[in-house]
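Here is the structure we will look at.
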Amino acid sequence: MLTDNFFPSDYFTARNAFRVRATAAGQSTHPIAATGPNGEALSIDSAYLGSPAPRQLAVITSGIHGVEGYAGSALQQLWLAEFAGELPADTGVLLVHALNPYGFAHDRRTNEHNVDLNRNALATFPGPANPGYRSLNSWLNPPSPAPRLDDFVWRALPLLLHHGRAALTQAIAAGQYEFPQGLFYGGREREPSLAIFAGLLAAPRFAGVQRVVHLDLHTGLGRYGQYQLLLEEPPATHEFEQLTRGFGAQAVKSDHTAHATHYSAHGILPTLTRHAFPNARTLAATLEFGTLGPTTLLRILRAENRVHHNGARRSDDVTRTRAALREALAPGDPAWRAVVVAGGRRIFAQLRLMLSAA
């Protein structure tokens, strides 16, 4: 059952809760071919509220990284519970729940094809070459079951000393299109989930949209429980200035400036939003709620991916690594969850003011 702060116990609870709350808001279901752990049907679900022909549109997406959907679903339910009834007359809000239902249901970050969907929103395929990743592949994706003693740290240290933290982070996390079983694999074609999202943005009622604000909900990067809005645009741009004005200078970070989570990724989801509304003023950001440090997250992601593709030495390895990944990206800590809901409430209040002031 849901906790008092909207967090679900699993994907199916999250989906049902979203559907119930969104029933009066034009809820729609979009099935995908993949199935859940026990063969259950999976779907992306959406809801639309507001004007039948909006001039401005807010888009709030969750779960593109599967297991990160616990917090994303909670925040979308928060919006439906507390913010859905107070929209300007010319405004619409599109909520897209669990863009990666397979990853959410199986407690994985990637989808059923091992694709990181937040590296899959490219205009053309194949994606750009990443020679830095190629040189790291044997470390990131060892083709064998995990040893009893994790070799992550002793193999990482010389790489860190050789490449430096910034270059190593960029090579790892930017996205790669060469190793289908590897971390941060962006795929060889547009994945069905993103085709569904692009179709939602192409709805005829959005033909007159002149302004778009897109928040894509994530967890992992940043200080524990604190949030930041990450965007691709450099600080001198109109988009950065508008987001800073709306959400505060402390919260907004650019991929073009040095900060703890600095890297520039290929094929991230807001790219599709910008392409869908080429003539609109688009403000798009990744809303991240921090959990663990990037080194710890990478170690857990590597271990889970290794077990998934290469099997396990012990019968409980898969269960253990999936549980570790879920705890890393959706902590059960009530204090963390309360802070996420409080942060979401603040962000949504600021978003409502931005929409009202336009």
Side-chain angles (χ1 to χ4, degrees), residues 1-18 20-21 36-38 40 42 60-82 97-111 118 146 150 152 216-228 261 286-308 312 314-348:
M1 61 187 300
L2 290 174
T3 65
D4 291 340
N5 54 10
F6 304 102
F7 274 81
S9 58
D10 54 35
Y11 159 78
F12 300 100
T13 304
R15 182 176 66 179
N16 291 340
F18 180 84
V20 169
R21 291 187 186 277
N38 298 306
E40 305 96 332
L42 302 176
I60 304 173
T61 48
S62 75
I64 193 169
H65 280 153
V67 67
E68 297 179 28
Y70 289 93
S73 177
L75 293 176
Q76 288 180 318
Q77 291 172 52
L78 170 68
W79 175 277
L80 289 168
E82 299 183 11
H97 181 268
L99 274 166
N100 178 5
Y102 172 88
F104 197 164
H106 289 264
D107 284 335
R108 297 208 77 215
R109 189 172 179 271
T110 56
N111 79 346
N118 211 33
D150 192 351
F152 175 80
D216 188 32
L217 309 177
H218 288 253
T219 60
L221 297 180
R223 293 184 178 180
Y224 191 80
Q226 297 185 18
Y227 67 79
Q228 53 188 334
T261 57
T286 299
L287 176 56
E288 281 274 4
F289 288 86
T291 57
L292 305 178
T295 301
T296 301
L297 284 176
L298 180 61
R299 176 181 59 78
I300 295 170
L301 285 169
R302 177 181 181 266
E304 189 277 333
N305 192 59
R306 188 175 190 174
V307 167
H308 179 79
R314 298 181 295 274
S315 60
D316 65 340
D317 276 356
V318 173
T319 300
R320 178 177 53 80
T321 56
R322 293 272 170 85
L325 182 60
R326 173 170 171 171
E327 184 62 22
L329 294 171
D333 175 12
W336 182 84
R337 294 184 170 195
V339 170
V340 168
V341 170
R345 189 173 281 118
R346 181 181 181 189
I347 286 284
F348 290 157

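The figures here come from the full heavy-atom set of this structure, side chains too, leaving out hydrogens, waters and symmetry mates.
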Are the side chains of Leu75 and Phe348 in contact, using a 4.5 Å heavy-atom criterion? yes

Are the side chains of Leu42 and Phe12 in touch, meaning some heavy atoms are under 4.5 Å apart? yes

How long is the span from the CD atom in Glu40 to the OH atom in Tyr11, to the nearest 0.5 Å? 9.5 Å

Side chains of Phe18 and Ser62, heavy atoms from C-beta outward: is any pair under 4.5 Å? no

Under 3.5 Å, is there a donor on one side chain and an acceptor on the other for Thr13 and Asn16? no

Under a 3.5 Å distance rule, please check whether Asn100 uses its side chain to pair with a backbone N or O of Arg109 as donor and acceptor. yes

Would you say that Leu325 contacts Leu301 through its side chain, given a criterion of any heavy-atom pair below 4.5 Å between the two side chains? yes

Walk me through it: do Gln76 and Leu217 pass the test side-chain contact (heavy atoms from CB on, under 4.5 Å)? CA-CA 9 Å; Gln76 288 180 318; Leu217 309 177; 4.1 Å; yes

Are His308 and Arg322 close enough, and set up right, to give a side-chain contact (heavy atoms from CB on, under 4.5 Å), and what steps lead you there? CA-CA 9 Å; His308 179 79; Arg322 293 272 170 85; 2.9 Å; yes

For Arg320, what residues pass the salt bridge (Lys or Arg N to Asp or Glu O under 4.0 Å) criterion, not counting sequence neighbours? Asp317

pair Leu99-His65: side-chain heavy atoms closer than 4.5 Å: no

Would you name the heavy atoms of Gln77 and Phe6 that are closest together and state the gap between them? OE1-O, 3.9 Å

I need the minimum non-hydrogen distance between Arg21 and Ala81, along with the two atoms involved. NH1-CB, 3.5 Å

For Trp336 and Ala71, which heavy atoms make the closest approach, and how far apart are they? CH2-CB, 4.2 Å

Pairs under 3.5 angstrom only: tabulate donor-acceptor contacts from the side chains of residues 286-297 to other protein residues two or more places apart or in another chain.
from	atom 1	to	atom 2	distance (Å)
Glu288	OE1	Leu221	N	3.2
Thr291	OG1	Gly220	O	3.3
Thr291	OG1	Ala328	O	2.7

Please report the C-alpha distance between His218 and Ile64 in whole Å, then the side-chain angles of each, then the deciding distance to 0.1 Å, and finally whether the side-chain contact (heavy atoms from CB on, under 4.5 Å) criterion is met. CA-CA 8 Å; His218 288 253; Ile64 193 169; 3.4 Å; yes

Val67 and His106: side-chain contact (heavy atoms from CB on, under 4.5 Å), yes or no, with the steps? CA-CA 8 Å; Val67 67; His106 289 264; over 6 Å; no

Residues at least two apart in sequence or cross-chain that pass ring-ring contact (aromatic ring centres under 6.0 Å, His included) with Tyr70, listed by chain then number, are Phe104

Just how far is it from atom OG1 of Thr321 to atom CZ of Arg108, taken to the nearest 0.5 Å? 9.0 Å

So which atom in Ser73 and which in His97 form the shortest heavy-atom distance, rounded to 0.1 Å? OG-NE2, 2.9 Å

Closest approach of Thr219 to Leu329 (non-hydrogen atoms, all atoms of both residues): OG1-O, 2.6 Å

